Each structure stands twice: as C-alpha cells, then as structure tokens.
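This report concerns only the one structure given below.
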Amino acid sequence: MADEKFQVIVIGAGLAGIAAAYRLAKAGKEVVLVDRGESPGVKNVSGGRLYTYALEKLMPGEWQNAPLEREIKREMLMMMTEKDSMTVDTSFQSTQSKSFSVLRTRFDAWLASKAEEAGAMVISGTTVNSLVLREGRVCGIETGGEELEADLVIDAEGVNALLAERAGMIRKLAISDIAVGVKCVYGLSEDEINARFNLSAGEGAAMLCAGDCTRKVSGGAFFYTNKESISAGIVVDASALKESDFSVTEMIERYLYHPSIARYLEGGKLIEYSAHLIPEGGFRSLPRLCSDGFLLVGDAAGLVINRGFTVRGMDYAILSGMAAADTAIEAIEADDFSENLLKSYQNRLDQTVIKDLKTLKNSHDYMGHSKHLFNTYPDLAIALMKDLYTVDGTPAKSVMTAARQSIKGKVSLFGMVKDAFKGSRSL
C-alpha cells in the first residue's frame with residue numbers, strides 16, 4: 001500500500017495528457033504526470049500540423065508564445081503516378097482559423113513546462129507497468145515495483161493502450177482500426193524553404209498526396225514546412241498494407257524520390273526518422289471511455305479523423321484532455337469517482353470530438369474500401385490533364401471526349417458517380 005495518495009495521476013505526456021495536467025494544475029488540483037520518455041515529447045510522433053483553436057481554449061493568448069513552426073497559408077493536394085503529378089494549389093490570406101506546423105519534441109516539452117509552472121508534478125523516465133485494480137476500481141498505478149495511489153487515473157498512453165487493455169478496460173487493438181505512419185524530417189535553411197515554396201517569413205505550406213506515393217495502397221502522404229526543416233511522410237491503412245506486397249520502407253523511399261517531391265528536399269539533411277501507429281477506426285471503434293476511477297483520452301481513445309484532405313488528432317487530444325480535467329475537477333469536488341459521475345466526460349466529448357466522429361463515421365470505411373480512390377482516379381486525373389496539355393499536331397479533342405477516353409475500360413461513369421456521392425456523404 002502506498003504511503004501517499006494523489007488526487008489525479010495522468011499516464012503519458014502527449015498532448016492529451018499534458019493538457020489534462022495543465023488544466024487540473026491551473027484549477028489548483030493535485031496532479032502527477034508520468035511519462036516513460038527521458039523528457040516530455042522525446043518519444044512523441046505526429047505528422048506535424050496543429051489547429052490552434054484547441055490551444056486557445058486550453059490557454060487563451062498564452063499559446064502564442066509556444067514554439068510553433070510556421071502558420072499554414074498554402075494548401076496543396078497532389079495526385080501522383082510513378083513519374084507525374086497533378087496538384088491543386090490554394091493560398092489563404094483571409095482565413096480566421098489558424099493552424100501551424102509543429103515539431104512535437106520541442107512543443108510538447110514547452111507545454112509540459114507550462115503544466116509544471118502551474119503546479120503539476122512531472123515524472124519522466126518512468127514506465128508504468130500496470131494499473132492498480134481493487135474490486136473492479138482503478139486505484140492507481142504500479143511503476144518500478146511501487147504502487148502510486150490516486151482517486152482518479154487518466155490514461156493518455158497513446159494509440160497502443162496496453163495498460164488499459166491488460167486491465168480489461170478496452171479490447172485489443174484491431175488491425176482494421178489502425179494505420180502505419182512513417183515520417184522523415186529534413187533540415188534546410190529558412191531562406192531556402194521560403195524560396196522553394198514561394199513563402200514569406202513565418203508562412204508555411206502543407207501538402208497531402210494520394211496515388212503512387214503508397215504504391216496505390218489505401219493511404220496517402222504528407223508534407224509540412226517547418227522553420228528550418230521539412231516534415232515528409234506516409235500513412236498507410238494497416239489492413240491494406242498487410243494484404244499488399246509492399247513495405248512501408250519501400251513506400252517512403254518511393255515517395256521521397258518522386259520527381260515532384262525530391263526537388264523540394266534536394267540538399268536537405270535527414271535529421272529525424274520515426275514511425276508510429278495511428279488510430280483510424282473512428283466512431284464505430286470507440287472504446288469504453290470511463291469506469292470507476294478511470295478515464296481514457298487522446299489516441300488511446302481513438303480520437304482521430306482522417307478525411308484525406310485534413311487529418312485531425314492533436315486538436316482532439318487537447319480537447320479530450322480538457323474534458324477529462326473538467327470531469328476530474330467535478331469528481332474531486334463531489335468526492336465521487338464512480339463511473340456514474342465520470343460519464344459526464346463522454347457527455348462533454350459528445351458536444352465536440354465525438355460529435356465530429358459521429359458526423360464522419362463512414363470516412364474510414366470509404367477511405368479504406370473504395371476500389372478506385374487511390375488507384376484508378378489519380379491515374380485518370382493525370383492522364384486527362386496530360387492529354388489536354390499535349391499539342392503534337394494530332395486533331396484536337398474536346399474536354400468531354402478526352403475525359404471519356406481517359407476512363408474507358410477503367411471505371412464506369414456510373415461507378416464514378418456512385419463513388420463521388422458516397423465520398424461527399426462520408427467525408
């Protein structure tokens with residue numbers, strides 16, 4: 001039995017865990033944040049884009065001092081074949097919502113320092129071996145052969161939530177509900193990045209790609225400009241990857257050396273290589289979010305949406321951490337840590353994150369099981385554009401004729417309309 005009992009223990013110093021610890025500490029509650037990394041952020045991996053409305057809710061105004069990279073002002077969607085590409089390139093100067101590229105090691109360390117300043121106890125380099133259960137209630141954690149007791153444990157351990165799984169709180173992670181991500185970060189000077197992407201100081205670009213970058217397997221690629229580096233990587237549906245003949249190593253190399261991508265990275269020095277699992281099951285795979293003395297947040301709860309043109313997880317992690325903290329404050333003040341009271345956590349999420357997940361509940365199925373989405377349609381789009389731009393002395397074609405010839409024998413017009421309708425409803 002531990003000599004000391006804490007009000008709240010948070011497992012995992014990712015965005016969800018730090019947000020929960022920060023909000024609890026700001027409210028004057030006793031909170032301990034435990035992380036296995038040598039310091040917060042060291043082991044955290046993400047594509048690299050953060051929507052800052054969530055930060056504004058967490059720390060109004062203060063987030064503007066955070067070590068974010070560049071404000072995204074240029075959005076690109078690229079479809080790729082083996083050698084060619086077609087890009088929809090959009091610049092926004094008037095948008096009111098903000099998003100920034102981010103390097104998690106730097107940003108998470110800053111956010112954790114703010115939680116410490118607010119009064120949270122941060123314990124790094126500590127592996128939690130198990131949850132402490134008594135009569136079906138979570139009463140704390142076991143680490144290093146020692147039990148630390150708490151009124152409430154907030155589990156923010158990440159996508160592969162083994163502690164919650166071993167304790168029987170959630171089911172085993174299913175391969176159908178995850179994607180595999182690989183990211184490379186290349187160092188380049190700020191001036192070089194600005195010149196290559198036609199950006200002004202502080203402005204950033206984001207690009208999402210589909211097609212040959214993942215060998216036409218369900219998934220896509222991403223590209224974000226940081227202050228003095230570029231983050232580039234791929235995300236592939238785990239089930240589709242297993243059924244394919246390709247490896248993520250082959251895919252990432254194919255993407256980075258594609259003529260349309262390599263020109264942006266030329267001369268850059270590889271400074272980081274990382275891989276990560278990403279929860280993509282969505283609303284249909286949501287686990288049990290609370291039980292007596294226990295709350296599940298962030299990636300551990302599967303709070304991620306991939307719509308192809310936007311990928312959201314970090315903002316949802318922050319919102320879930322805030323909701324967990326508010327629920328914990330309510331429980332502390334009522335001295336009631338039962339599942340019945342803690343259900344208010346899900347009620348809070350129902351107004352924000354889960355509402356989005358429910359609206360887009362079919363997105364994962366559409367992205368993962370649309371036969372032509374990552375294979376046929378990128379090829380068709382590029383073939384059509386190539387045909388329209390080719391002038392070689394042969395008789396000219398109308399756009400409609402060129403379009404009909406490009407899809408002939410590859411997909412029916414009815415199939416395209418069906419996919420477009422399904423996509424518009426799912427995404």
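Fair warning: this is a prediction, and the values are worked out from it, not measured in the lab. For this chain, numbers begin at 1 and follow the sequence in order.
In the displayed structure, Met76 atom CE is contacted under 6.0 Å by more than 12 heavy atoms of other residues, nucleotides or ligands. In Asp89, the CG atom is crowded: over 12 heavy atoms of neighbouring residues, nucleotides or ligands sit closer than 6.0 Å. In the displayed structure, Arg137 atom CZ is contacted under 6.0 Å by more than 12 heavy atoms of other residues, nucleotides or ligands.
Summarising the geometry of Met251 relative to Thr214, their closest heavy-atom pair is CE-O, 3.4 Å, with the distance given to 0.1 Å. Residues Met322 and Arg23 share a closest heavy-atom pair of CE-NH1, 3.3 Å. Heavy atoms only, all atoms of each residue included: Leu303 and Ser320 are closest at CD1-CB, 3.5 Å. Contact record, Val31 with Ala21: CG1-O, 3.7 Å, taken as the closest heavy-atom pair. Smallest separation of non-hydrogen atoms from Pro287 and Ala301: CD-O, 3.2 Å. When all heavy atoms of Ala19 and Leu58 are compared, the pair lying nearest together is O-CD1, 3.8 Å.
Considering only heavy atoms from C-beta on, Leu103 comes within 4.5 Å of Ser231 through its side chain. Looking only at side-chain heavy atoms (C-beta outward), Val235 and Val311 stay at 4.5 Å or farther from each other. Residues Tyr255 and Met80 have side chains in contact (heavy-atom distance under 4.5 Å, counting atoms from C-beta outward). The shortest distance between side-chain heavy atoms of Asn347 and Asp350 falls below 4.5 Å. Ile11 places none of its side-chain heavy atoms less than 4.5 Å from the side chain of Val34. Residues Asp299 and Tyr316 fail the side-chain proximity criterion, which asks for heavy atoms closer than 4.5 Å. Annotation: side chain of Pro279 is in contact with side chain of Val304 (closest heavy-atom distance under 4.5 Å). Put simply, the side chain of Ile332 does not reach to within 4.5 Å of the side chain of Asp151, judged on heavy atoms.
For the pairing with Val153, the side chain to side chain contact (heavy atoms under 4.5 Å, CB included) check across Val138, Leu296, Val132 returns one residue only, Val138. When each of Asp245, Val248, Asp237, Val236 is checked for a side chain to side chain contact (heavy atoms under 4.5 Å, CB included) with Val217, only Val236 meets the rule.
Within the model, atoms CG of Leu342 and CG of Asp292 stand 7.5 Å from one another, a figure rounded to the nearest 0.5 Å. To the nearest 0.5 Å, atoms CD1 (Ile318) and CG (Leu50) are separated by 5.0 Å. Separation of atoms CD (Glu228) and CG (Leu188) is listed at 10.0 Å; rounding is to 0.5 Å. To the nearest 0.5 Å, the span separating CG on Leu241 from CD1 on Ile175 amounts to 8.0 Å. The distance from the CD1 atom of Ile234 to the CZ atom of Arg215 is 11.5 Å, given to the nearest 0.5 Å. To the nearest 0.5 Å, the span separating CG on Leu380 from CE on Met86 amounts to 10.5 Å.
A distance-only check finds a donor-acceptor pair linking the side chain of Thr52 to the backbone of Lys98 [under 3.5 Å]. Remark: side-chain polar atoms of Arg74 are not paired, donor with acceptor, to backbone N or O of Ser91 under 3.5 angstrom. A donor-acceptor pair under 3.5 Å links the side-chain atoms of Glu142 to the main chain of Gly145, judged by distance alone. Not a single donor-acceptor pair under 3.5 Å links the side chain of Ser101 to the backbone N or O of Gly48. The closest donor-acceptor contact from the side chain of Arg36 to the backbone of Gly125 lies at 3.5 Å or more, if one exists at all. Tyr224 places no side-chain N or O within 3.5 Å of a backbone atom of Val102 that could act as its donor or acceptor partner. Listed for the Glu192 side chain is no donor-acceptor partner under 3.5 Å among the backbone atoms of Ser189. The backbone N or O of Lys227 sits less than 3.5 Å from a side-chain atom of Glu69, completing a donor-acceptor pair. With hydrogens and angles ignored, the 3.5 Å screen pairs no side-chain donor or acceptor of Asp108 with any backbone N or O of Gly14. Counting only distance, with no hydrogens or angles, the side chain of Arg196 and the backbone of Tyr264 share a donor-acceptor pair below 3.5 Å.
Using a cut-off of 4.0 Å between Lys/Arg side-chain N and Asp/Glu carboxylate O, Arg104 and Glu272 are scored as not salt-bridged. A salt bridge does not link Glu266 with Arg263: none of the charged nitrogens is closer than 4.0 Å to a carboxylate oxygen. Under a 4.0 Å N-O distance rule, the pair Asp356/Arg312 qualifies as a salt bridge.
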Original post:
After noting the C-alpha distance and the side-chain angles of Asn362 and Arg284, does the key distance pass the side-chain contact (heavy atoms from CB on, under 4.5 Å) rule?
Top reply: CA-CA 9 Å; Asn362 296 319; Arg284 300 184 192 282; 2.3 Å; yes
**OP:** For side-chain contact (heavy atoms from CB on, under 4.5 Å), just list the numbers for Asp379 and Lys410, CA-CA rounded to whole Å, side-chain angles, deciding distance to a tenth of an Å, and then say yes or no.
**Re:** CA-CA 10 Å; Asp379 288 355; Lys410 297 175 182 177; 5.7 Å; no
**OP:** Go through the steps for Glu333 and Lys29 under the test salt bridge (charged side-chain N to carboxylate O under 4.0 Å, His left out), then give the verdict.
**Re:** CA-CA 10 Å; Glu333 293 176 351; Lys29 306 305 179 185; 3.7 Å; yes
**OP:** Output, in order, the C-alpha distance, side-chain angles, deciding distance and verdict of side-chain contact (heavy atoms from CB on, under 4.5 Å) for Arg171 and Ser285.
**Re:** CA-CA 10 Å; Arg171 63 179 175 81; Ser285 66; 3.6 Å; yes
**OP:** Go through the steps for Val159 and Ile278 under the test side-chain contact (heavy atoms from CB on, under 4.5 Å), then give the verdict.
**Re:** CA-CA 6 Å; Val159 56; Ile278 303 165; over 6 Å; no
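For the 3.5 Å distance criterion, the side chains of Arg348 and Thr327 qualify, holding a donor opposite an acceptor. Remark: the Ser338 side chain and the Asp336 side chain contain an N/O donor-acceptor pair separated by less than 3.5 Å.
Outside the 6.0 Å centre-distance limit, the rings of Phe107 and Phe100 are not counted as a close aromatic pair.
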